[in-house]
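Okay, structure first, notes after.
Predicted model only: the values in this text are computed from it and were never measured. A, B, ... follow the sequence lines: proteins, then strands. Residue 1 opens every chain.
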2 protein chains.
Amino acid sequence: MVPGPAVSIRDVASQAGVSVGTVSNVLNRPDIVAASTRNRVLAAINELGFVPNDAARQLRRGRGRTLGLVVLDVANPFFTDVAKGVEDTTGAAGMAVIFCNSDGDPAKESRYLDLLEEQRVQGVLITPVDDANERLVRLRERGVLVVLLDRRSTRPDVCSVAVDDRLGGELAMRHLVEAGHRRIAFVGGPWRLEQVRDRYHGALHALREAGLAEETLRRFETPSPTVAAGRDAASRILGLPRSARATAVFCANDLLALGVLQELTRQQVRVPEDIALVGYDDIDFAAAAAVPLSSVRQPRQRLGQTAARLMLDEANDPDNHQHQQVIFEPELVVRESSQYARTSG
Amino acid sequence: MVPGPAVSIRDVASQAGVSVGTVSNVLNRPDIVAASTRNRVLAAINELGFVPNDAARQLRRGRGRTLGLVVLDVANPFFTDVAKGVEDTTGAAGMAVIFCNSDGDPAKESRYLDLLEEQRVQGVLITPVDDANERLVRLRERGVLVVLLDRRSTRPDVCSVAVDDRLGGELAMRHLVEAGHRRIAFVGGPWRLEQVRDRYHGALHALREAGLAEETLRRFETPSPTVAAGRDAASRILGLPRSARATAVFCANDLLALGVLQELTRQQVRVPEDIALVGYDDIDFAAAAAVPLSSVRQPRQRLGQTAARLMLDEANDPDNHQHQQVIFEPELVVRESSQYARTSG
DNA sequence: AGGCCGGGCTGAAACGTGTCAAGGTTAACC
DNA sequence: GGTTAACCTTGACACGTTTCAGCCCGGCCT
């Protein structure tokens, strides 16, 4: 009931009949202590149920065994898959992950960064809400490792792991243009997210490449990249007279696309016959949607694994660490939601 | 580049011309220090960019400002929603959440509990892999608060927040029985998960209540509660001759149900005409599925919020804390996947 | 004037660990 | 038997806080 007296390294030492230093050595450099002593100490540890206090270790060592992961939305399967990748890699290295959800809110992000700094985390893996690296630079100056996640670093001395979002936008748009679409809606937001902007500009680029006017792509900004916001955007799109209405919709992520799909279906607009739909991320649920969703696939788990690996590398050997900006290539997965060649406007 | 010398409470003190004790008081009990002194200290803190070291604080105080959350699967939207509820509540209280993913693996769960113990977390919110409370009891004895999540506590001195899984199973089964189904498959697993067993037994109970034989319900155990396992279970179900084949499937969660749905569709079995389908959890994607999925809804965010609240309550006022076993009621949401009254076997 | 009170601050002692210079023991070698 | 080296172990200090007994000082009461 009442928490018994915490057992410390000192208790172990006296129980095993050695000094505290030796116990510490058994814990941290088992090789330098004689086997017989080591066993005696281990026995004492077991008997007393000693659990090292990481706070004390951290205090002494300067940094702890935790790292922070800051994502835009826990509820988005894209990020949970990334998180899984991170966790795989760090878990194997005996590190703990403090999981933070910025919800796309700069204030919340900032609060979490404060918290992580107080925890003296080894490093932070983060998908920043906006480009104000300001804060992150300060973090680095204080010795906190920073790896940008799903975002390309503009500074050569900061690692990043990202996917080529412009290319992703191009792939999606080229696909729709080739299918004959000439009025296309882009649904995404908030605009402050670089991913959204990049995917949009990639799409624009594909348009120009095909010799089409920029007006071919109409922008519908959403307040958040969620299913509900997608439903909302869809009704805005349907609010236009049919002759001006888009015949295809490209969404900046799959949650938006699923929302759009729901609302279109509710209003009895057929997908893909009346409106074609392409999402982004290719989350597992895209393939299981009411109309299986075409989507731009990203290597989600690898993203997380690579970022974690980069961080561990730098943590273990800061001197010969080479900062890297890793870029993966996305891949278009065509499913039913965009399988309908349009022959007339 | 090179991390400058870390600034400590001592630097702040000398900069402000006060003692360390006073700085500490400014941080922790601002009211007992004179306004003028306080301002001087705050100014120094700002100027030096001082960030308190939580490890030192924790070392002194005994326990830190973090808590552990251990779930069965990060990739399952049910748990991410729960996590969101937890994070809402703890974030507001300035606590950090260490997020752990046991993946249903007892060994991994155990490793994470070790880690959390070393971190000296205030408490642990956990959905245990199995019923071996053994480990959790030990944790409590050492002063780590424990709240069971999505699992009913059998001990009166441990808080828990759960949903009535037997009732959920009953609701689903009653629905199918009333629609005329007489050969029903239950898909769920691994069996070691109490949730799975409870939902199954609830289903059995509804069956008996309706005066039907227990053989009406056939069990298909899965190695994990995932989409892939669901696909697999579906092909096992379809392996039976049509006359013996179930006309309805009740899945222990929505991921399984989505997997079943995918495989049935692939093999051109119609849902709900040929086989009706009911899932569990009512994750957001259930409504957006190829065939909108009937499901048993749980108050996911509230689950997380309530658990976190219980833990904070006990942490803040251990003496008059009343341990509680909160039980929420699930609710059946009927959608297209089970909307087909069966008139003949 | 003396006594007392209390607000405001100080200084030092912990908390549990890692580190490292120094000491101690043993074995091997001449 | 003495020297040396190799190998283990020790003991004390440092890490950055919180806490608490105590000090100082101005004001109030008698």
Side-chain angles (χ1 to χ4, degrees), chain A residues 3-42 44-45 48-66 94 117-122 142-143, chain B residues 3-42 44-45 48-66 115 117-122 142-143:
Chain A
V7 18
S8 89
I9 211 179
R10 203 136 27 215
D11 306 313
V12 175
S14 78
Q15 164 96 3
V18 298
S19 78
V20 284
T22 301
V23 177
S24 173
N25 282 335
V26 169
L27 259 30
N28 301 298
R29 303 123 87 189
D31 41 307
I32 76 159
V33 25
S36 69
T37 319
R38 194 190 322 146
N39 289 334
R40 206 146 28 95
V41 171
L42 289 175
I45 287 180
L48 269 50
F50 165 73
V51 176
N53 184 333
D54 198 60
R57 170 184 319 211
Q58 183 178 146
L59 179 57
R60 186 64 239 254
R61 280 233 186 111
R63 294 233 159 265
R65 308 190 306 139
T66 57
E117 213 175 333
E118 292 190 20
Q119 299 295 325
R120 298 295 191 270
V121 290
Q122 286 253 1
R142 304 201 179 181
Chain B
V7 18
S8 88
I9 210 178
R10 204 137 25 216
D11 306 314
V12 175
S14 78
Q15 164 95 5
V18 298
S19 78
V20 284
T22 302
V23 178
S24 174
N25 282 336
V26 170
L27 259 30
N28 300 298
R29 301 120 89 189
D31 41 306
I32 76 160
V33 26
S36 69
T37 320
R38 194 190 324 145
N39 289 333
R40 207 146 27 95
V41 171
L42 290 175
I45 288 179
L48 269 50
F50 164 73
V51 176
N53 184 333
D54 200 59
R57 170 183 321 209
Q58 183 177 147
L59 178 57
R60 187 62 240 251
R61 282 229 185 113
R63 294 236 158 262
R65 308 190 305 137
T66 55
L115 201 139
E117 214 175 333
E118 291 189 21
Q119 298 295 325
R120 298 294 192 269
V121 291
Q122 286 254 0
R142 303 202 180 181

Sorted by position of nearest nucleotide on DNA chain D, 5' first, the leading residue of A:Ser36 and A:Val20 is A:Ser36

Return no unless some side-chain N or O of B:Arg57 is found under 4.0 Å from OP1 or OP2 of D:dT18.
yes

Quick check: on DNA chain C, is the nucleotide nearest A:Val51 upstream (toward 5') of the one nearest B:Arg40, or the reverse? Name the residue that is more 5'.
B:Arg40

Taking for B:Arg38 and for B:Ala56 the nucleotide of DNA chain C with the nearest heavy atom, the one nearer the 5' end belongs to B:Arg38

Pairwise distance CD1(A:Ile9) to CD1(A:Ile45) - rounded to 0.5 angstrom
8.0 Å

Under 4.0 angstrom between A:Thr22 side-chain N/O and D:dT10 OP1 or OP2
yes

Taken to the nearest whole Å, CG/A:Leu59 to P/D:dA14 is 14 Å

Check the phosphate of D:dT18 against B:Ser24, side-chain N and O only, distance under 4.0 Å to OP1 or OP2. Yes or no?
yes

Find the distance A:Leu48:CG to C:dG16:C1' and express it as a whole number of Å.
15 Å

Which one, C:dT10, D:dT9, C:dT17, comes nearest to the side chain of A:Val33?
D:dT9

Looking for any heavy atom pair under 4.0 Å, which part of the strands does B:Ser8 touch: base, sugar-phosphate only, or nothing?
sugar-phosphate

Interatomic spacing from CZ in A:Arg38 to OG1 in A:Thr22 - rounded to 0.5 Å:
12.5 Å

Value rounded to 0.5 Å, distance of CG in A:Asn53 from CD in B:Glu118:
9.0 Å

Closest listed nucleotide, where the reference is the side chain of A:Ser19 and the choices are D:dC8, D:dT10, C:dG11
D:dT10

For A:Val23, which contact category applies under a 4.0 Å heavy-atom criterion: base, sugar-phosphate, or nothing?
nothing

Kindly write out the residues that satisfy side-chain contact (heavy atoms from CB on, under 4.5 Å) with A:Gln15, not counting sequence neighbours, or none if the list is empty.
A:Ala44, A:Glu47, A:Leu48

Contact class for B:Asp54 vs. all strands (heavy atom < 4.0 Å): base, sugar-phosphate, or nothing?
nothing

Atom CZ of B:Arg65 to atom P of D:dT18: distance rounded to whole Å?
10 Å

Between B:Asn28 and D:dT18, is there a side-chain N or O to OP1/OP2 distance below 4.0 Å?
yes

Take atom CD of B:Glu117 and atom C1' of C:dG16, then tell me their distance rounded to the nearest Å.
15 Å

Is it the case that D:dT17 (base atoms only) and B:Arg60 (side chain only) share a donor and an acceptor within less than 3.5 Å, ignoring hydrogens and angles?
no

d(B:Arg65 CZ, B:Asp54 CG) to nearest 0.5 Å is 5.0 Å

Distance in angstrom units between A:Asn25 CG and C:dG18 C1', rounded:
9 Å

Roughly, in whole Å, what's the span from CZ in A:Arg10 to C1' in C:dC15?
9 Å

Over how many whole Å does the gap from A:Arg61 atom CZ to D:dC13 atom P extend?
22 Å

CD/A:Glu117 to CZ/A:Arg142 distance, rounded to the nearest 0.5 angstrom?
4.5 Å

What is the distance, to the nearest angstrom, from the CG atom on A:Asn53 to the C1' atom on D:dT17?
13 Å

